[in-house]
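What follows is a short report on a single structure.
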Amino acid sequence: MADGSSFYITTPIFYVNDVPHIGHAYTEVAADVLARWNRQAGRDTWMLTGTDEHGQKILRTATANGVTPQEWADKLVAEAWKPLLDTIDVANDDFIRTTDERHEANVQRFLQKLYDDGHIYTGEYEGYYCVGCEEYKQQSELVDGEGEYAGQLVCAIHSKPVELLHEKNYFFRMSAFADRLLELYETRPDFVQPESARNEVVSFVRSGLADLSISRSTFDWGVKVPWDESHVVYVWFDALLNYITAVGYGQDDAEFARRWPAQHLVGKDILRFHAVIWPAMLMAAGLEVPRGVFGHGWLLVGGEKMSKSKLTGIAPEQITDTFGSDAFRYYFLSAIHFGQDGSFSWEDLAARYQAELANGFGNLASRVIAMIGRYCDGQVPSGEAGRTDADAAVAALEAEVTDAAWRAIERLHVHEAIAAAWRLVDALNGYLTEQEPWALAKDPAQRDRLEAVLATAYRGLGTLAVLLSPVLPKATGKLWTALGAPGTVQEQPIDRAHEWTPGSRVAALEPLFPRVEVAE
RNA sequence: GGGGCGGUAGCUCAGCCGGUCAGAGCAGUGGACUCAUAAUCCAUCGGUCACGGGUUCAAGUCCCGUCCGCCCUACCA
């Protein structure tokens with residue numbers, strides 16, 4: 001079970017040039033559920049998210065829009081990225097921007113230390129640079145252009161011409177850390193999850209690591225290299241450091257010691273930055289490597305990957321406007337095996353909303369609350385006198401799923417945790433059908449049994465409220481109120497969900513997941 | 001070119017070291033029930049397990065090849 005230990009979880013910081021789509025929201029929601037769950041289990045929890053605001057692409061976009069890059073970033077943070085967190089009900093503890101003073105100053109501190117310790121050298125770099133990708137491309141990543149770009153080499157991802165750049169750069173001796181990285185993957189097999197992601201990382205590092213160019217001098221929108229202000233720090237090197245600058249690196253040792261190391265959650269497309277470059281940077285600085293890096297899958301829409309670069313995304317509001325934030329959270333975290341790619345479709349979303357949330361959980365809550373209102377005048381019965389083995393079985397299941405869910409969360413298997421809780425939803429619906437409290441209510445002689453059945457259902461419902469509160473914070477909050485239970489549902493120890501304290505009276509409950517009329 | 005992953009009921013997916021492995025959920029169909037959001041519960045229809053070979057007493061489950069989708073990673077220019 002949980003102790004008071006620290007749990008620090010991060011999402012990637014969003015590149016402000018993008019428009020939020022459900023892929024971004026998926027990562028956020030996953031991190032948020034893990035954070036809420038750990039927090040509710042008594043761990044000293046911290047969830048960080050934020051924005052990545054430097055780099056040539058943002059400079060160019062801002063210029064094209066006639067504003068400074070800072071103004072551009074401010075606008076997008078205020079109008080797109082922070083609102084996204086509200087849209088999907090994310091309760092992050094902090095939001096870092098790479099333009100924050102606390103970040104920039106300590107990126108410089110970090111870099112200076114690496115420089116002083118001999119991990120950085122001056123070199124010459126020539127290569128094809130894709131502005132869209134913010135990185136130099138290998139020949140294999142380029143294709144011949146078509147149409148207006150015929151005859152030129154273009155980036156395979158962006159289909160835009162690359163530029164041949166030749167610049168003096170500062171290089172990070174990443175190659176020196178290959179052996180230590182391999183040892184890390186070896187001794188901590190769960191450092192990179194899932195297994196498939198780990199295998200790719202290992203084979204990548206085994207094939208040899210090159211040093212990393214970490215500065216740019218062709219533009220100036222970035223953190224200045226402290227010993228050479230004609231250079232700015234490479235945007236990825238800058239961005240990765242947010243995970244430590246946000247928790248006190250360089251300026252609050254106590255806070256840093258309390259939080260670090262973090263569990264990182266990333267899309268598998270940026271796994272390498274987090275599982276190779278980032279640990280190497282930390283090793284060079286003499287800091288602890290992350291607790292782990294989990295690379296989740298992509299959301300497939302119509303069989304195709306949703307793309308950050310191609311802006312083929314679906315906006316989260318399209319879903320939450322109709323189904324609500326709880327349904328958004330539930331759908332993506334339960335329907336998709338966390339770590340694997342998952343198919344999204346409106347049909348599937350609507351079907352699961354209806355079958356699982358409305359008819360399964362929501363209706364269960366309605367019928368139990370309604371029966372206590374009707375048969376017990378709203379008084380929560382103790383039910384002690386009429387218990388049978390059936391009630392003991394439900395109680396045992398509550399304990400079992402509570403335990404199973406928590407074990408799943410500890411392994412970051414969110415979908416398993418939800419599935420465990422859902423076993424209780426199904427069991428309670430079945431229990432009610434078998435026990436037929438509505439029939440018991442017609443016979444005064446069965447009064448004790450009726451109260452026992454309703455008490456058992458009531459208890460089970462409360463356990464569900466606690467267990468599902470990280471995933472369905474809004475609905476379980478309403479349910480908690482209807483149950484008349486003391487305090488808030490978020491205050492209940494989730495690793496002992498089945499031990500919640502019942503209330504004395506139930507209150508009316510509106511449908512938690514109203515039926516949705518679906519177009520098409 | 002190498003490496004890896006996937007192709008199982010209409011849909012989304014489980015099936016570890018070969019022997020009730022042909023499954024689950026949803027959808028569909030039939031029935032029961034009425035506390036509840038026309039809900040719930042029970043039963044049931046449904047698959048040549050991508051394709052072709054092979055190993056074996058026995059293969060979605062191992063081997064070889066082919067096709068399709070995807071990921072990682074080279075080389076030549």
Side-chain angles (χ1 to χ4, degrees), chain A residues 128 137-144 153 156-157 192 194-210 267-272 275-276 295 297-307 331-332 334-376 415-416 418-419 422-423 425-442 450 453-454 457-458 461 475 478-479 482 506 508-517:
Chain A
Y128 293 103
K137 313 299 286 189
Q138 301 301 311
Q139 290 282 357
S140 59
E141 297 173 289
L142 302 175
V143 297
D144 292 326
L153 285 174
I157 294 170
V192 182
E195 185 76 24
S196 54
R198 174 179 180 271
N199 291 341
E200 290 192 355
V201 167
V202 168
S203 68
F204 173 74
V205 175
R206 280 216 180 104
S207 71
L209 283 184
K268 65 182 184 182
D269 49 330
I270 54 173
L271 184 68
R272 194 180 303 163
V276 180
W298 287 324
L299 299 181
L300 307 177
V301 180
E304 278 194 9
K305 173 199 168 205
M306 289 210 9
S307 165
Y331 174 72
F332 287 106
S334 67
I336 295 171
H337 187 111
F338 197 48
Q340 298 179 2
D341 291 350
S343 303
F344 167 83
S345 73
W346 288 98
E347 293 74 14
D348 190 41
L349 168 61
R352 286 177 185 272
Y353 177 88
Q354 181 85 310
E356 297 167 18
L357 291 176
N359 298 348
F361 180 51
N363 182 55
L364 172 67
S366 291
R367 62 197 301 212
V368 172
I369 298 292
M371 282 192 281
I372 292 173
R374 179 189 288 214
Y375 302 137
C376 302
H415 66 288
E416 277 181 29
I418 296 174
W422 230 258
R423 283 164 55 202
V425 172
D426 292 337
L428 286 171
N429 272 322
Y431 169 84
L432 288 173
T433 298
E434 283 172 23
Q435 302 301 323
E436 300 185 297
W438 47 91
L440 297 171
K442 290 172 183 160
L450 170 65
V453 169
L454 294 181
Y458 175 86
L461 200 50
K478 289 180 196 164
L479 176 55
V506 297
L509 178 65
E510 292 299 305
L512 295 176
F513 301 97
R515 299 182 72 78
V516 168
E517 296 306 323

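Reminder, nothing fancy here: chain letters follow the sequence lines and each chain counts from 1. All values reported here derive from a predicted model rather than from experimental measurement.
- Counting any heavy atom pair closer than 4.0 Å across all strands shown, A:Gly430 reaches sugar-phosphate atoms only and no base atom.
- If you check every strand for non-hydrogen atoms under 4.0 Å, A:Leu512 touches a base.
- Residue-level contact check: A:Ala358 touches the bases, meaning some heavy atom is under 4.0 Å from a base atom.
- When distances run from any side-chain atom of A:Ala355 to the nucleotides B:C26, B:C71, B:U37, the shortest one goes to B:C26.
- Across all strands shown, B:U73 is found opposite B:G1 as a Watson-Crick or G-U wobble partner, with both distances under 3.5 Å.
- Look at CG on A:Leu209: it is 17 Å from P on B:C72, rounded to the nearest Å.
- Atom CG in A:Leu461 sits 8.5 Å away from atom CG in A:Leu509 (nearest 0.5 Å).
- Across all strands shown, nothing is found opposite B:C35 as a Watson-Crick or G-U wobble partner with both distances under 3.5 Å.
- Nucleotides B:G46 and B:G6 have their P atoms positioned 30 Å apart, rounded to a whole Å.
- Atom CD in A:Glu436 sits roughly 10 Å away from atom C1' in B:A32 (whole-Å rounding).
- Separation of the P atoms belonging to B:G47 and B:A24 is 14 Å when rounded to the nearest angstrom.
- As the counterpart of B:C51, B:G65 is assigned, both hydrogen-bonding distances of the Watson-Crick or G-U wobble pattern falling under 3.5 Å.
- Taking atom P on both B:C17 and B:G10, the two are 26 Å apart, rounded to the nearest angstrom.
- Atom name C1', nucleotides B:A50 and B:C67: the rounded distance is 8 Å, in whole Å.
- Each of A:Glu356 and A:Phe204 was matched to the nucleotide of RNA chain B holding its nearest heavy atom; the match closer to the 5' end belongs to A:Glu356.
- For the pair A:Trp422 CH2 and B:A14 P, the interatomic distance rounds to 21 Å; values are reported in whole Å.
- Atoms CH2 and OG, on A:Trp298 and A:Ser343 in that order, are 14.0 Å from each other to the nearest 0.5 Å.
- Pairing for B:G46 is absent, judged as Watson-Crick or G-U wobble with the two contacts each under 3.5 Å.
- Of the candidate nucleotides B:C13, B:A38, B:C35, B:A38 has the atom lying nearest to any side-chain atom of A:Arg515.
- Between A:Asn359 and B:U40, a side-chain N or O to OP1/OP2 separation shorter than 4.0 Å is present.
- To the nearest 0.5 Å, atom OH of residue A:Tyr458 and atom CE of residue A:Met371 are 14.5 Å apart.
- Among the protein residues, A:Tyr375 comes within range of the sugar-phosphate backbone only, with heavy atoms under 4.0 Å from sugar or phosphate atoms but none that close to a base.
- When Watson-Crick and G-U wobble pairs are counted only if both distances are under 3.5 Å, B:C26 pairs with B:G10.
- OP1 or OP2 of B:C13 lies within a sub-4.0 Å distance of a side-chain N or O belonging to A:Ser343.
- Rounded to the nearest Å, the gap between the P atom of B:A9 and that of B:A14 is 13 Å.
- Just one of A:Leu512, A:Asn429, A:Asn359 meets the side chain to side chain contact (heavy atoms under 4.5 Å, CB included) condition when paired with A:Leu364; it is A:Asn429.
- Atoms CG (A:Leu440) and P (B:U34) sit 12 Å apart, rounded to a whole Å.
- The interatomic distance linking A:Leu349 (CG) with B:U12 (C1') rounds to 13 Å, in whole Å.
- Computed from coordinates, the A:Glu434 CD to B:A32 C1' distance equals 13 Å when rounded to whole Å.
- Distance check, rounded to the nearest 0.5 Å: CD1 of A:Ile418 to OH of A:Tyr331 gives 12.5 Å.
- Nucleotide B:G4 holds its P atom 13 Å from the CZ atom of A:Arg206, rounded to whole Å.
- Comparing A:Ala351 and A:Ser366 against RNA chain B, the residue whose closest nucleotide sits nearer the 5' end is A:Ala351.
- For the atom pair A:Arg367 CZ and A:Leu428 CG, the distance stands at 9.5 Å (nearest 0.5 Å).
- Taking syn as a glycosidic angle within 90° of 0, B:G60 qualifies as syn.
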Residues A:Gln354, A:Arg515; criterion side chain to side chain contact (heavy atoms under 4.5 Å, CB included); working and verdict:
CA-CA 7 Å; A:Gln354 181 85 310; A:Arg515 299 182 72 78; 2.6 Å; yes
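- Rounded to the nearest Å, the gap between the P atom of B:A74 and that of B:G60 is 39 Å.
- B:G4 and B:U44 have their C1' atoms separated by 41 Å, with the value rounded to a whole Å.
- In this structure, A:Asn429 places its CG atom 13 Å from P of B:U37, rounding to the nearest Å.
- Separation of the P atoms belonging to B:C70 and B:G65 is 22 Å when rounded to the nearest angstrom.
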